[in-house]
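Read through the structure below, which is laid out as structure tokens, and then see the notes.
Remember, it's a predicted structure, so these values are computed and weren't measured experimentally. All values below were derived from every heavy atom in this structure, side-chain atoms included, with hydrogens, water molecules and symmetry-related copies excluded.
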Amino acid sequence: MRIIKPLLPLLIFIATITNGIAAKDQPLQQELASLEKLSSKFSFAVFGDNRAGDPACDAVYQQVLAAALERRPAFIVNTGDQIDKPGNIEHWKRFWELSKSVAVPYFLTVGNHDIHGEVAGSEDIYKAQVDLPGNELYYSFVGGNSLFIVLDSYIKGEDKRITGEQFKWLEQILAASKQKHTFVFVHHPLYPEKGKGKHHGNSLDRYKEDRDRLQALFVKHQVTAVFAGHEHLYLRKTVDGIPHIIAGGGGAPLYAKDEDGGFHHYVFVTVDGEKVSGEVVDVNGKVRDRF
């Protein structure tokens, strides 16, 4: 991964942010309140790893985004790596320019191309670019009868782990929830598959004790599904009764052959009362998987 430092001091970067702030057309609290009031049937779209700023990636991202929006989701969740280079304000501007057609809430997940400990100010730039709940890095919200939790697997000193204060917060959020379904989003997958992709052994599975503790918490609270990115492919596997879905086909170069999930795509999830179903659709409109 190529790392660059911001070209100007952080304060200048922050001062020059004049557009592209997430969901500024409607106050955040108003959007969250409207999501809580969703009917018992609603849908949302998931994809990630679009890496805005790379022209080749941008073209595919536009296709994925346009196709997902045609389905009229109530909101979208990006599983991370929204931009190509951490802390690059021009890439953030490009991301929001490409995303200007999004008229529904757009929730982002921190990826290693969005924030990096070696790029000074990249976290502050990220937080200046978004308008998200909580501390904006990890947070939760309610949509209809479901709880949505977005985690940060790239906290400095805790990268590729969900631990410390974040884990305590997660325990509390899950214990307090009265929602029928729970969906979790995190950039680094818990169970990347050896031979598919490039990050087996170097995602949340790098620290297996922490990974297993996280999975045990998901099992305890009967999490409905876990979505991740990082691997530029599609992969679904069920562990302890919980579907783990890698949806990293949002535009970045693919990490697998087509038959191994190496195709650009989005996941369209429908919640209908007690039932949850999903379709994985590639950029050509073909349904590649259903669950």
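- At least one side-chain heavy atom of Thr163 sits under 4.5 Å from a side-chain heavy atom of Arg213.
- Cluster annotation: Ile125 is connected to Leu98 through the hydrophobic network of ILVMFWY side chains, with a link wherever side-chain heavy atoms come within less than 4.5 Å.
- Ion pairing of Glu90 with Lys93 is present here, as a side-chain N (NZ or NE/NH1/NH2) and a carboxylate O approach within less than 4.0 Å.
- The distance between the ring centers of Phe44 and Phe183 falls below 6.0 angstrom.
- Annotation for Lys220: atom NZ does not count as buried by contact number, only 12 or fewer foreign heavy atoms lying within 6.0 Å.
- When hydrophobic clusters are built by joining Ile, Leu, Val, Met, Phe, Trp and Tyr residues whose side-chain heavy atoms come closer than 4.5 Å, directly or via intermediates, Leu190 is grouped together with Leu217.
- Side-chain N/O atoms of Gln215 and His244 include a donor and acceptor closer than 3.5 Å.
- Checked by atom type and distance alone, the side chain of Ser177 never pairs as donor or acceptor with a backbone atom of Leu174 at under 3.5 Å.
- A cation-pi contact, defined as under 6.0 Å to the ring centre and within 45° of the axis, links Arg288 to Phe263.
- Here the rule is side chain to side chain donor-acceptor pair (under 3.5 Å) with His187, and of Asn78, Asn112, Asp152, Thr79 only Asn112 fits it.
- Taking the six-membered ring wherever Trp is involved, the centroid distance between the rings of Phe47 and His264 does not fall below 6.0 Å.
- Aromatic ring centroids of Tyr106 and Phe95 lie under 6.0 Å apart.
- The shortest non-hydrogen separation linking Ile246 to Pro192 is CD1-CA, 4.3 Å.
- Side-chain N or O atoms of His116 include one that pairs as donor or acceptor with a backbone N or O of Glu118 at under 3.5 Å.
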Can you give me every donor-acceptor pair (side chain of residues 269-276, partner residue at least two apart or in another chain, under 3.5 Å) with its distance?
| unit_1 | atom_1 | unit_2 | atom_2 | d |
| --- | --- | --- | --- | --- |
| Thr270 | OG1 | Ser43 | OG | 2.8 |

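- Salt-bridge annotation for Arg94 and Glu97: present, with a side-chain N of the basic residue lying under 4.0 Å from a carboxylate O of the acidic one.
- Within the 4.5 Å cutoff, the side chain of Trp169 has heavy atoms near those of the Ser140 side chain.
- Annotation: side chain of Gln62 is not in contact with side chain of Leu65 (no heavy-atom distance under 4.5 Å).
- Between Ala68 and Phe268 the shortest heavy-atom distance is O-CE1, 4.4 Å.
- Placement of Ile155 and Phe167 within a single hydrophobic cluster is found when ILVMFWY residues are connected by side-chain heavy-atom separations under 4.5 Å, directly or transitively.
- No donor-acceptor pair under 3.5 Å is formed between the side chain of Asp212 and the backbone N or O of Glu209.
- Counted within 6.0 Å of CD on Gln222, heavy atoms from surrounding residues, nucleotides or ligands total 12 or fewer; the atom is thus considered open.
- Both tests do not hold together for Arg236 against Phe291: distance to the six-membered ring centre under 6.0 Å, angle to the ring axis within 45°.
- Side-chain atoms of Asn284 do not come within 3.5 Å of backbone N or O of Lys286 as any donor-acceptor pair.
- Lys198 has no carboxylate O lying under 4.0 Å from a charged side-chain N of Glu231, or vice versa, which leaves the two without a salt bridge.
- Between the side chains of Asp81 and Asn50, not a single donor N or O lies within less than 3.5 Å of an accepting N or O.
- Judged purely by atom type and a 3.5 angstrom limit, Asp49 uses its side chain to pair as donor or acceptor with the backbone of His230.
- In this structure, Val267 and His265 have side chains that are in contact, with non-hydrogen atoms separated by less than 4.5 Å.
- When all heavy atoms of Arg71 and Glu279 are compared, the closest pair comes out as NH2-OE1, 3.1 Å.
- Using a 4.5 Å heavy-atom cutoff, the side chains of Ser101 and Leu69 are in contact.
- At least one side-chain heavy atom of Val184 sits less than 4.5 Å from a side-chain heavy atom of Phe218.
- Looking at Lys127 and Glu136, no side-chain N of the basic residue comes within less than 4.0 Å of a carboxylate O on the acidic one, giving no salt bridge.
- The two residues Asp84 and Arg51 have their closest heavy-atom pair at OD1-CD, 3.4 Å.
- Between the side chains of Asp205 and Tyr191, no donor-acceptor pair of N or O atoms lies under 3.5 Å.
- No donor-acceptor contact under 3.5 angstrom links the side chains of His181 and Ser146, judged on distance only.
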Problem - Audit row: Leu204, Asp210, side chain to side chain contact (heavy atoms under 4.5 Å, CB included) steps and yes/no - result: CA-CA 8 Å; Leu204 292 187; Asp210 291 309; over 6 Å; no
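- Summarising the geometry of Ile242 relative to Ala225, their closest heavy-atom pair is CG2-CA, 4.3 Å, with the distance given to 0.1 Å.
- Val104 is connected to Phe185 through a chain of hydrophobic side-chain contacts under 4.5 Å among Ile, Leu, Val, Met, Phe, Trp and Tyr, so both are in one cluster.
- The distance between the ring centers of Phe107 and Phe141 falls below 6.0 angstrom.
- Considering only heavy atoms from C-beta on, Val186 comes within 4.5 Å of Ser153 through its side chain.
- Across Pro243 and Thr224, no two heavy atoms sit closer than the pair CD-O, 3.1 Å.
- Remark: the backbone N or O of Ala216 is not paired with any side-chain donor or acceptor of Asp240 at under 3.5 angstrom.
- Contact of the Ile149 side chain with the Leu147 side chain is registered, since non-hydrogen atoms from C-beta on lie closer than 4.5 Å.
- No donor-acceptor contact under 3.5 angstrom links the side chains of Gln82 and Trp92, judged on distance only.
- With hydrogens and angles ignored, the 3.5 Å screen pairs no side-chain donor or acceptor of Glu123 with any backbone N or O of Leu137.
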